[in-house]
Protein chains: 2
Amino acid sequence: MTIAAKCVVLPKSSMRDYTQLSPAAERIVDVAEALIQHQGFNGFSYEDIAQTVGIRKPSVHHHFATKADLATVVTQRYVQRFISALENLDRSIVEPRKRLLAYAQLFQETYNNNRHLCLCGMLGAESETLPASVREQLKQFFEANLNWLTATLVQARPERAASAQALAMLLLSALEGAMIVGRSRPEADAPAQVAQAFLEQLSV
Amino acid sequence: MTIAAKCVVLPKSSMRDYTQLSPAAERIVDVAEALIQHQGFNGFSYEDIAQTVGIRKPSVHHHFATKADLATVVTQRYVQRFISALENLDRSIVEPRKRLLAYAQLFQETYNNNRHLCLCGMLGAESETLPASVREQLKQFFEANLNWLTATLVQARPERAASAQALAMLLLSALEGAMIVGRSRPEADAPAQVAQAFLEQLSV
DNA sequence: GTCTATATCTTGATAGAC
DNA sequence: GTCTATCAAGATATAGAC
């Protein structure tokens, strides 16, 4: 099969690009992102989006034919932005321990906005009901986070490099979990607190 | 207002008791519990339950008038059973560190069943869309877990009692999060692995 | 306790005018 | 790009017979 033929058979949803959204499409993606983080993919409807954006349901369908299309673009944009944020941390913060604190702050800032979950944490919980295109993005998100955390933990404590992978999974899981557990708790800074406990107790 | 009057105004759903379920009602609760753990409260319908149990939709409504009623009973039973399991651990395992490993195994065993999430982890993510009666149960679940973990961590390391609360939140969050992150990863033992990393690295 | 039948509403989605 | 109108399917829920 030629490369051209391969491109032709790509499903329409895969050709959408979050970097080329019209202003109206971008507003829809913004609202959908917030609704997923607040209520989950199965907890909102096109009608909810239409009312928040201030348009009608068919106008939403004009920009994103199906809910699966919309979720794919929302997730794609979130994952790419998050990966960009990780690259920014590498460029702007030299000390590994401070970089890890800034990383935890990414989760805390998300949570500060009306206790919003990490988009991929919410979708990860619902993943059994999601289209494959979204699940693929989730894999990328978690893998990128684990790779970044592992590398940063090795930099912070080279003598413990052997356990860096396991600690990366521990910290990522703790941050995702803290946003969920924290919703049923009074504290507003659960993600920052678990990260602090992690770094202090492990002397990172 | 008299105590009697207060009882009278209790909504019907609050009077349901998971300890007095008929065999048919219990089968429905079993199936609903599994569906929530697999797909979430907003990811299944009465029709799904009916088909799995092998009855018709109205028969499900006969036992649980509304989806909120059903979710309340499912959650109530799950939380009480989990608290009983914690009491069993206290009775049957003397050494605190082994008790913590057995605790983590509770999550791992849940996860071994088709990557089922902790029921309260899934509902915690969806909590913004849930009835108050379910949210109340979630608070109880997480508080009971944090109290049990804090006490057990103090027993394991009395000299670190001051940080036991923060470490309890770290471990609980990590276990809940590992089930979610793990769904997008190849490993089948994410909960057990994060618990092991926690106990090893913190020398518990 | 279970069923058939039905009501009502919501949801995701389409047709076609402007 | 947005709208009105509409649809088919699915979801929650009820009425009433057996």
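A note on names: the letters A, B, ... follow the listed sequences, proteins ahead of strands, and every chain is numbered from 1.
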*What pairs of residues pass the ring-ring contact (aromatic ring centres under 6.0 Å, His included) test when at least one of them lies in residues 96-132 of chain A, not counting sequence neighbours?*
A:His38-A:His116, A:Phe82-A:Phe107, A:Tyr103-A:Phe107, A:Tyr103-A:Trp148
N/O donor to acceptor pairs below 3.5 angstrom from side-chain atoms of residues 189-200 of chain B, sequence neighbours left out:
residue: B:Asp189; atom: OD1; partner: B:Gln193; partner atom: NE2; Å: 3.0
residue: B:Asp189; atom: OD2; partner: B:Gln193; partner atom: NE2; Å: 3.4
residue: B:Gln196; atom: NE2; partner: B:Glu200; partner atom: OE2; Å: 3.1

_Using a strict threshold of under 4.0 Å (side-chain N to carboxylate O), is an ion pair present between B:Glu128 and A:Arg115?_
no
*Which letters describe nucleotides 5-18 of chain C, given B = protein heavy atom under 4.0 Å from base, S = only from sugar-phosphate, - = neither?*
B-----BBBBB---
Less than 3.5 Å apart, which donor and acceptor atoms pair up between the side chains of residues 167-182 of chain B and the rest of the protein, not counting sequence neighbours?
residue: B:Ser173; atom: OG; partner: B:Met169; partner atom: O; Å: 2.8

*Answer whether the closest heavy-atom distance between the side chains of B:Val74 and B:Val134 falls below 4.5 Å.*
no
*Scan for salt bridge (charged side-chain N to carboxylate O under 4.0 Å, His left out) pairs involving residues 49-61 of chain B, sequence neighbours excluded, and state none if there are none.*
none
*asked:* Between B:His62 and C:dT2, is there a contact of a side-chain N or O with OP1 or OP2 at under 4.0 Å?
replied: no
*Taking CG from A:Asn42 and C1' from D:dG10, how many angstroms apart are they, rounded to a whole number?*
14 Å
*Cut-off 3.5 Å, side chains only: do B:Gln108 and B:Asn112 have a donor facing an acceptor?*
yes
*Pull out every residue in residues 19-31 of chain A that has a heavy atom closer than 4.0 Å to any atom of DNA chain C, ordered by number, or say none.*
none
*Carboxylate-amine/guanidinium contact A:Arg97 A:Glu95, below 4.0 Å*: no
*Tell me: CG of B:Leu70 to P of D:dA11, nearest whole Å?*
15 Å
